[in-house]
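The chains referred to below are lettered A, B, ... by the order of the sequence lines, with proteins before strands, and numbering in each begins at 1.
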Number of protein chains: 2
Amino acid sequence: MRLLPHPATESIQLTEVLRALSDPVRMEIVVRLAVQVEQTCSNVGEELGVHKSTASHHYRTLREAGVVMTRQVGRLKFMRLRRDDLDARFPGLLDAVLAAALTGAPPQGLPSATAGVPDA
Amino acid sequence: MRLLPHPATESIQLTEVLRALSDPVRMEIVVRLAVQVEQTCSNVGEELGVHKSTASHHYRTLREAGVVMTRQVGRLKFMRLRRDDLDARFPGLLDAVLAAALTGAPPQGLPSATAGVPDA
DNA sequence: CGCATAGTTTTATCATTGTCAAACGATTAA
DNA sequence: TTAATCGTTTGACAATGATAAAACTATGCG
């Protein structure tokens, strides 16, 4: 098992995080990782509706911005949100973004993480 | 006095707001509006270090994303953050972003809103 | 070894964007 | 009316970015 290179917590830049989160596909990835803590790239990418190379590009963007952490186990790569690091650096930011993303309408026809859940 | 066209609160999109905030120049504009509620474009633009047409482009981006509201009085245009609207739509988001921007290092050599304030 | 799987990298294409300069529009002042 | 001020729009350009296809890498399985 090995970790991929990630930016240190202190060097995570606000505008880069916001930029990483400003793409609907990446936001959907983040929402999925918020709902289910750790997932393989394959798993996350399944319903994104983009080519696997495009998905890979988004994984990299999120990783380089400091939003996700990736570790490799065998052939699989597992991603997870860097919740603690982001909370430490930008308190409340990720929570606010996730709350906004989860309560709002699904970005663009992709199945929402809350789809199928009754209103009450 | 007249108002410029702005998106309705309900139609403000999360990823568009994040994208608007993902540029260092626009972040600096937002920080200035957070420190001093309402200012003229001229005032805000003075120390941004970009051409006035570039600044104007950023004002528009912020306005169309629903981040700022602009009203015109004579030759002057006054901008202010749409704090209430953003809070209503994405609770806690703007506060978290501003806190992160104000406590962090100045984006790119521009004078920070807290520059000159002693550490303790 | 040979093959399948998981994901990245490379290459190419097309759209978006940040920037400045110059022209323009609207408003106020002389 | 003429000139000055404030800001936008247009045009051009270089850089970035989202996308897909194809080639590639690395790992595990038989």
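Where V50(B) and N43(A) each meet DNA chain C at their nearest nucleotide, the meeting point lying more 5' is that of N43(A).
Between E64(B) atom CD and dT16(C) atom P there is a gap of 13 Å when expressed in whole angstrom units. For the pair E28(B) CD and dG18(C) C1', the interatomic distance rounds to 17 Å; values are reported in whole Å. With rounding to whole Å, H51(B) atom NE2 is found 9 Å from dT19(C) atom C1'. L4(A) has its CG atom 10 Å from the C1' atom of dT8(C), to the nearest Å. In this structure, Q39(B) atom CD and dC6(D) atom P are separated by 15 Å, rounded to whole Å. Between I29(B) atom CD1 and dG7(D) atom P there is a gap of 12 Å when expressed in whole angstrom units. For the pair L62(B) CG and dG18(C) C1', the interatomic distance rounds to 14 Å; values are reported in whole Å. Put simply, NZ on K77(B) is 15 Å from C1' on dT28(C), counting in whole angstrom units.
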Sort me out a list of protein N/O and nucleotides 14-18 of chain D N/O pairs below 3.5 Å, or just none if empty.
from, atom 1, to, atom 2, distance (Å)
dG17(D), OP1, R19(A), NE, 3.0
dG17(D), OP1, R19(A), NH2, 3.1
dA18(D), OP1, R26(A), NH1, 3.4
dA18(D), OP1, R26(A), NH2, 2.9
dA18(D), OP2, R26(A), NH1, 3.3
dA18(D), OP2, H57(A), NE2, 2.8

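The CG atom of N43(A) sits 9.0 Å away from the CZ atom of F78(A) when rounded to the nearest 0.5 Å. Taking CG of L93(B) as the start and CG of D87(B) as the end, the distance is 9.0 Å to the nearest 0.5 Å. Between the CG atom in L4(A) and the OH atom in Y59(A) there is a gap of 13.5 Å [rounded to 0.5 Å]. Here the CD1-NE2 distance, from I29(B) to H58(B), works out to 6.0 Å after rounding to the nearest 0.5 Å. Going from atom CE of M27(B) over to atom CG of L62(B) covers 10.0 Å, rounded to the nearest 0.5 Å. Here D84(B) contributes atom CG and L81(B) contributes atom CG; the two are 10.5 Å apart, rounded to the nearest 0.5 Å.
For S22(B) (side chain) and R19(B) (main-chain N/O), a donor-acceptor pair under 3.5 Å exists by modelled atom type. Judged by distance alone, with hydrogens and angles left aside, the side-chain atoms of R26(A) form no donor-acceptor pair with the main-chain N or O of T61(A) at under 3.5 Å.
Across dT8(C), dC6(D), dA21(C), the shortest atom-to-atom separation from the side chain of S42(B) is found for dC6(D).
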Whether each nucleotide of nucleotides 23-30 of chain D has a protein heavy atom under 4.0 Å at its base (B), only at its sugar-phosphate (S) or at neither (-) is summarised, 5' to 3', as ----BS--
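With sequence neighbours excluded, no residue satisfies salt bridge (charged side-chain N to carboxylate O under 4.0 Å, His left out) with R75(B).
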